[in-house]
Structure formats: structure tokens, C-alpha cells
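Before any comments, here is the structure.
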Amino acid sequence: MKKYTNTGSKDTRSGFGAGMTELGQKNENVVALCADLIGSLKFDDFKKNHPERFFQIGIAEANMIGIAAGLTIGGKIPFTGTFANFSTGRVYDQIRQSVAYSDKNVKICASHAGLTLGEDGATHQILEDIGLMKMLPGMTVINTCDYNQTKAATLALADHHGPAYLRFGRPVVPNFTPADEPFVIGKAISLNEGTDVTIVATGHLVWEALIAAEALEAKGISAEVINIHTIKPLDEEAILKSLAKTKCVVTAEEHNILGGLGESVSRVLALNNPAPQEFVAVNDSFGESGTPEQLMDKYKLNNQAIVEAVERVIKRK
């Protein structure tokens, strides 16, 4: 079993900020737009160093998306930033019409996604955003697992032409992926080889999946762990290759059980290789106020829930 080490816990939104700082120096066509959340989105350095390429739109997210779409016409590469709820649910019409339908090169970057927004509660948490965005034709959907991967994804998006959604979070989480690991959009990363079960995880649940794999190893269960950082386009080949060995799969995500990574994987199985699947996700409910740790425990989005799902799915083989 491969061992991944937490090299120092960091919030994934800071990875985005670091990526934007580097892009500001490397690519003069990159511009940033923010909806009154400069500190929360870690835009401080970009704004300080490139004020002529930073636009504070205020609490007017729909306008921000429209302005971003317009900037692409002049060859700019706009990165918009606000909370995930306001990046998607609040402005879905503008994203659909002005960005996706028009195939504009806008990068919609969303912090504070999922339950781990924490104490702000259900009105600010969003558990439907991956489903909303992946259904838009031509939209790339990325959900990163740690600081290093979020920075790498931010840099990769500047070279990727087309509308994209980048999802990350507020809480401090283990930083375990290599700092120099290339980010290839649409290419899954195998973190651990196994023969008994495939665990397909995304975002904050990737680290939990690795912890679960260690616990399962102690129980005599060999778990293959795959990091799906790109939910669309989905690396179907990697999933099917793993499933050919293990014959069953558990999907793990900080999202509604409806419409997220799990359902994308189910489609792959139904069309290619039907097999037992268990889901670790929020069971069709809104969130509530609490610390990220409390909420992840209550809604069963942790390594223990993954272990239990693995034990269930193996019995179904």
C-alpha cells in the first residue's frame, strides 16, 4: 500500500490564491473578478500586484458572470470568484446563457463549497453545484482535494480553452499530493492499488478514502483508491480498469447523493459493466450550522462511513 503523508494542513482556497498569484506573473491575459470576497477567495496578492487586471464587482454575482463573458471577447481569461452557492445557484441563468451556451472561456472559481462551509449554515452551503454545472454542455467540472492540487488545477485552467468550474473549500485539510505533480484535466490519479474494492473519491473525501483504505487493510480488505479531481470529463477508462479487478465500487463526495460524482459513475457502470455500488454522500438533504468536523460526522462523510460502505458493497458481490 502506498503511503501519503500530510505535509502540513492548509485550506484549498489558499491553493487557488497561490495559483492566481503565479498566473498574474506568467499570463498577462489572466484577469480576476470578485464579488466582494477578496480575502475569502485569497485574491489579495493578485489585486495588489495587478490592480489593472482585478475587478471588484461587489455583491452582484450575475453582473460578474456577464462581465467575465464579455472580457473573453477581447482575448482575456477571466477567473471569477465567490462562494460556491453564489457562483452557481444564484447565477445559473447567466452561466447557462452567457458562458456555456456561448462557449466563453470563463473560469468560474468557487470557494466554501459543500458542508464544510460550516457555521454559516444551509443558506450558504451548497450540495447541488456539481450536478448543476456538469449538466451544462461543454462545461468542465473540477473538484480538488488539497492545497497543492488546487494550485495546480488553477494553473492548468489558464491553458484550457472553454468554460470551467473549479470547486474548493474553506477548512484546513491535509496537504498530501506532490507539489510538482502535473494536473491533467480529465485524468484520474490512482493513489492506492487494491483488488477487493474500488473507492472513487473527490475533494475533501480523497484523504478520508486513504485513511479508510488503511483501516480496511488491517481488516484484510485490499482497497484501490482513485482520486477523481475532474468530474467532467470523467476518466471512465480508469474506473472501468479498476472495476475489472475489484468487481465493486464505493463513491465518496461532499455533495448531494443525487447529481454528483456517484451518479456519473453509476452511468459508466450501467453502460459498460454493471456492478454493485455504494454511495458516501449527503442523502438528499440541506446542511445546517456546525463546525466542519461536526457536519462531516453527522452527515457521514468521513473515513468510517467509507469503511462501512465498503463492507456493505463487498457483501453484494
Side-chain angles (χ1 to χ4, degrees), residues 11-20 23 32-43 46 57 59-65 67-69 77-96 98-100 104-118 120 122-136 139-147 149-158 160 162-171 173 183 185 202-205 229-232 253-256 259-261 282 287 292:
D11 52 317
T12 50
R13 59 176 173 160
S14 289
F16 169 69
M20 289 303 297
L23 283 176
L33 299 87
C34 188
D36 202 33
L37 288 167
I38 296 172
S40 293
L41 270 292
K42 304 300 182 180
F43 273 136
F46 190 98
I57 308 303
I59 306 175
E61 293 85 356
N63 287 346
M64 180 173 69
I65 295 298
I67 293 168
I77 307 171
F79 284 70
T80 68
T82 184
F83 289 1
N85 194 14
F86 310 141
S87 285
T88 58
R90 179 172 287 181
V91 295
Y92 196 66
D93 179 56
Q94 283 73 26
I95 293 172
R96 183 182 187 275
S98 299
V99 176
K104 293 294 189 291
N105 192 31
V106 175
K107 316 308 175 185
I108 300 164
C109 304
S111 183
H112 296 59
L115 285 174
T116 48
L117 175 52
D120 287 358
T123 58
H124 283 53
Q125 297 159 353
I126 190 165
L127 296 164
E128 314 90 62
D129 55 318
I130 289 174
L132 288 169
M133 300 305 280
K134 79 175 188 180
M135 286 190 292
L136 290 170
M139 181 68 70
T140 294
V141 179
I142 296 171
N143 185 37
T144 50
C145 66
D146 68 0
Y147 172 97
Q149 191 169 81
T150 307
K151 179 181 178 182
T154 304
L155 297 174
L157 280 177
H160 169 80
Y165 178 58
L166 175 60
R167 182 193 209 244
F168 43 92
R170 180 177 74 173
V173 294
F183 189 91
I185 294 172
T202 187
H204 294 149
L205 272 293
H229 53 69
T230 307
I231 294 170
K232 183 186 175 186
E253 59 190 313
E254 186 186 348
H255 189 269
N256 195 338
L261 170 65
V282 175

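Annotation for P78 and A68: closest pair CG-O, 3.3 Å, computed over non-hydrogen atoms. The minimum heavy-atom distance linking Y147 with A18 is given by the pair OH-CB, 3.3 Å. Q149 and D146 get closest at one heavy-atom pair: N-OD1, 2.9 Å. Residue S87 comes nearest to T82 through the heavy atom pair OG-CG2, 3.0 Å, listed as atom of the first residue, atom of the second, then distance. Taking every heavy atom of both residues into account, A84 and A110 meet most closely at CA-CB, 3.5 Å. Here the closest non-hydrogen pair linking G287 and L115 is CA-CD2, 3.6 Å.
Of the candidates D11, L41, T12, S111 forms a side chain to side chain contact (heavy atoms under 4.5 Å, CB included) with just one, namely L41.
Here R96 pairs with nothing under the salt bridge (charged side-chain N to carboxylate O under 4.0 Å, His left out) rule; sequence neighbours left out. T202 meets the side-chain hydrogen bond (donor to acceptor under 3.5 Å, both in side chains) test with N143; sequence neighbours excluded.
Taking the ring centroids of F43 and F16, they lie under the 6.0 Å cut-off.
Counting only heavy atoms from C-beta outward, the side chains of L166 and T154 approach each other to under 4.5 Å. Under the 4.5 Å side-chain criterion, counting only non-hydrogen atoms from C-beta, R13 is in contact with S40. At least one side-chain heavy atom of I108 sits under 4.5 Å from a side-chain heavy atom of M133. Counting heavy atoms from C-beta outward, E253 and L205 have side chains that stay 4.5 Å or more apart. Annotation: side chain of I67 is in contact with side chain of I57 (closest heavy-atom distance under 4.5 Å).
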Next item on the list: Could you walk me through whether R170 and F83 pass side-chain contact (heavy atoms from CB on, under 4.5 Å), step by step?
Entry: CA-CA 10 Å; R170 180 177 74 173; F83 289 1; over 6 Å; no
Notebook entry, point to check: Would E254 and T116 satisfy side chain to side chain donor-acceptor pair (under 3.5 Å), going step by step from the backbone distance to the final call?
Noted result: CA-CA 8 Å; E254 186 186 348; T116 48; 2.7 Å; yes
Next item on the list: In sequence, state the C-alpha distance, the side-chain angles, and the governing distance for H112 and F168, and then conclude on ring-ring contact (aromatic ring centres under 6.0 Å, His included).
Entry: CA-CA 7 Å; H112 296 59; F168 43 92; 8.6 Å; no
Check: Taking it one step at a time, do F79 and V106 satisfy side-chain contact (heavy atoms from CB on, under 4.5 Å)?
Finding: CA-CA 6 Å; F79 284 70; V106 175; over 6 Å; no
Margin query: side-chain contact (heavy atoms from CB on, under 4.5 Å), that's the test. Do I231 and I142 meet it? Break it down for me.
Written below: CA-CA 6 Å; I231 294 170; I142 296 171; over 6 Å; no
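The NE2 atom of H255 lies 14.0 Å from the NE2 atom of H204; values are rounded to the nearest 0.5 Å. In this structure, CD1 on I185 lies 9.0 Å from NE2 on H229, to the nearest 0.5 angstrom. The distance from atom CD1 of I126 to atom CG of L132, rounded to the nearest 0.5 Å, is 6.0 Å. Between Y165 atom OH and L157 atom CG the span is 12.5 Å, to the nearest 0.5 Å. For the atom pair CG of N256 and CD of E128, the computed distance is 6.5 Å after rounding to the nearest 0.5 Å. One finds the CE atom of M20 at 10.0 Å from the CG atom of L155 (value rounded to the nearest 0.5 Å).
At least one donor-acceptor pair under 3.5 Å links the side chain of K232 to the backbone N or O of K134. A donor-acceptor contact shorter than 3.5 Å is absent between the side chain of R90 and the backbone of A62.
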